[in-house]
2 protein chains.
Amino acid sequence: MKVLTKKTDYAIRALLMLAASRESYVSAKIMAVEQDIPYQFLRGVLQEMIRHNLIVSKEGVQGGFKLTMDPDEIRVNQLIEIFQGGVQVSECMFRKQICANRSRCVLRHEIMRIEQVVQNEFEKVTIGGLFRKLELANQLKPALSTSESVPTT
Amino acid sequence: MKVLTKKTDYAIRALLMLAASRESYVSAKIMAVEQDIPYQFLRGVLQEMIRHNLIVSKEGVQGGFKLTMDPDEIRVNQLIEIFQGGVQVSECMFRKQICANRSRCVLRHEIMRIEQVVQNEFEKVTIGGLFRKLELANQLKPALSTSESVPTT
DNA sequence: TTAATTGATACTAATATAGTATCAGTTATA
DNA sequence: TATAACTGATACTATATTAGTATCAATTAA
Ligand code: FES
Ligand code: FES
């Protein structure tokens, strides 16, 4: 079972590309080609991020997308929230007899504790942080540069 | 997004019932009724647990299921493994250009670290531990006792 | 003017999860 | 020893989620 879905995955990758070119707009096409993401699918993801004010767009020729904030302020946690409705360990597990009083239920506490641990971990991970690690990984080799493109459906 | 699926959920509940009556066999029917789990679905879950040697069964009248080991040795982690194929944060996220060399990829390390954190948390949770907390929650009120039953399809 | 772009939206496909149905075999017990 | 209460095995359907596609209108740089 995967904790991150494709949408979150693609969102992170797109954001990393945008983090790599803070000043200029990057088109969906370029991102789709560079990151090997289905074009229209990516567009949906980008629009969702616009709605959540993570990025802005510019229409027309030379248009594209741009971050609205510092990459360090974008947390993977938030992306999971947007694209997956958060991480919920489980719904109430012992409805019936066992947990007559939900509010006092110890199991529930246990489960919510883990939920919190997971969330905290993803809260630590920012686009900025990932981006710096990436740069390090690529040893100054600019893999995120925009390049000449090939049409995508 | 839910981390625990119904199968894992039901497995935990069934195991808690078995933990409550270590000596005698408990039938699928009783567990289904008591825990409000679809009968045939639960049976599938139970058979899966037999295959993994967590429980044994006895056929025929007065038959049912019984734990093979101490409840403290059964970890939720293992159930997740059995019923959900483990928790995988994501598959390799940056295949193409970005991560030419997977083995050195820092992002991958980050992701695997979180995967480990999640797994460690669930490894801490045992059926025995949950059972004791349950007993506490119910203040000696034996909610898990076997009772007269109603037919289930 | 036109080609490169996003906005909006409606659709299909693939996969995973959840649940149902059925029949054969075993066994306590009346 | 017949029968009802059980499990074993397996095949099936239904529902939800995730992933992906298609289309058309509006915008804009060149
Ligand atoms: S797990 Fe839901 S109230 Fe206890
Ligand atoms: S995330 Fe897969 S190699 Fe880096």
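In what follows, chains are A, B, ... by sequence order, proteins preceding strands, each numbered from 1. Because the structure is a prediction, the values reported are computed rather than measured.
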Rounded to whole angstrom units, what separation is found between the [atom1] atom of [X] and the [atom2] atom of [N]?
{"X": "K29(B)", "N": "dG8(D)", "atom1": "NZ", "atom2": "C1'", "value": "17 Å"}
{"X": "F41(A)", "N": "dA22(D)", "atom1": "CZ", "atom2": "P", "value": "14 Å"}
{"X": "L42(B)", "N": "dG8(D)", "atom1": "CG", "atom2": "C1'", "value": "14 Å"}
{"X": "K66(B)", "N": "dC6(D)", "atom1": "NZ", "atom2": "P", "value": "16 Å"}
{"X": "D9(A)", "N": "dA19(D)", "atom1": "CG", "atom2": "C1'", "value": "12 Å"}
{"X": "K6(A)", "N": "dT21(D)", "atom1": "NZ", "atom2": "C1'", "value": "17 Å"}
{"X": "M49(B)", "N": "dG8(D)", "atom1": "CE", "atom2": "P", "value": "12 Å"}
{"X": "Q84(A)", "N": "dA16(C)", "atom1": "CD", "atom2": "P", "value": "15 Å"}

All N/O pairs under 3.5 Å across the protein-nucleotides 9-15 of chain D interface:
{"residue": "dA9(D)", "atom": "N6", "partner": "R43(B)", "partner atom": "NH2", "Å": "3.3"}

Please report the shortest heavy-atom distance between A19(B) and I127(B), naming the atom on each side.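 Looking at all heavy atoms of both residues, the closest pair is CB-CG2, 4.1 Å.
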Where Y25(A) and S57(A) come nearest, the two heavy atoms and their spacing: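 Looks like CE2-C, 4.1 Å.
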Below 4.0 angstrom from OP1 or OP2 of [N], is there any side-chain N or O of [X]?
{"X": "Y10(B)", "N": "dG19(C)", "answer": "yes"}
{"X": "S27(A)", "N": "dA4(C)", "answer": "no"}
{"X": "Y39(A)", "N": "dT6(C)", "answer": "yes"}
{"X": "T5(B)", "N": "dA18(C)", "answer": "yes"}

Let me see the working for L130(B) and L15(B) under side-chain contact (heavy atoms from CB on, under 4.5 Å), right down to the final yes or no.
-> CA-CA 10 Å; L130(B) 288 177; L15(B) 289 171; over 6 Å; no
If you look at every strand shown and take non-hydrogen atoms under 4.0 Å, does L46(B) touch a base, only sugar-phosphate, or nothing?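 If one applies the 4.0 Å heavy-atom cut-off, L46(B) turns out to touch nothing in the nucleic acid.
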Check your understanding: Linking I/L/V/M/F/W/Y whenever their side-chain heavy atoms sit closer than 4.5 Å, directly or via other members, would L67(A) and M69(A) fall into one cluster?
Key ->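 Cluster IDs for L67(A) and M69(A) match.
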Self-check item: Ring-face cation contact, F83(A) with K7(A), 6.0 Å cut, 45° max
Solution: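 Geometry flag: not set, cation outside 6.0 Å or 45°.
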Centroid separation under 6.0 Å, is that true for the rings of Y10(B) and F41(B)?
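Aromatic pair counts; centres sit under 6.0 Å.
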- Message: Do the side chains of R13(B) and D36(B) get close enough for a salt bridge, i.e. N-O under 4.0 angstrom?
- Response: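 Here R13(B) does not pair with D36(B) in a salt bridge, since their nearest N and O are not under 4.0 Å apart.
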Q) With side chains defined as the heavy atoms from C-beta onward, is the minimum distance between K6(B) and V45(B) less than 4.5 Å? A)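 Not in contact.
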### Results of side-chain hydrogen bond (donor to acceptor under 3.5 Å, both in side chains) for E81(A) - residues two or more places apart only
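For E81(A), no residue satisfies side-chain hydrogen bond (donor to acceptor under 3.5 Å, both in side chains) once neighbours in sequence are set aside.
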When you compare the protein's N or O atoms with those of nucleotides 26-30 of chain C, which come within less than 3.5 Å of each other, and at what distance?
{"residue": "dT26(C)", "atom": "O4'", "partner": "E59(B)", "partner atom": "OE1", "Å": "3.4"}
{"residue": "dT26(C)", "atom": "O2", "partner": "G60(B)", "partner atom": "N", "Å": "3.4"}

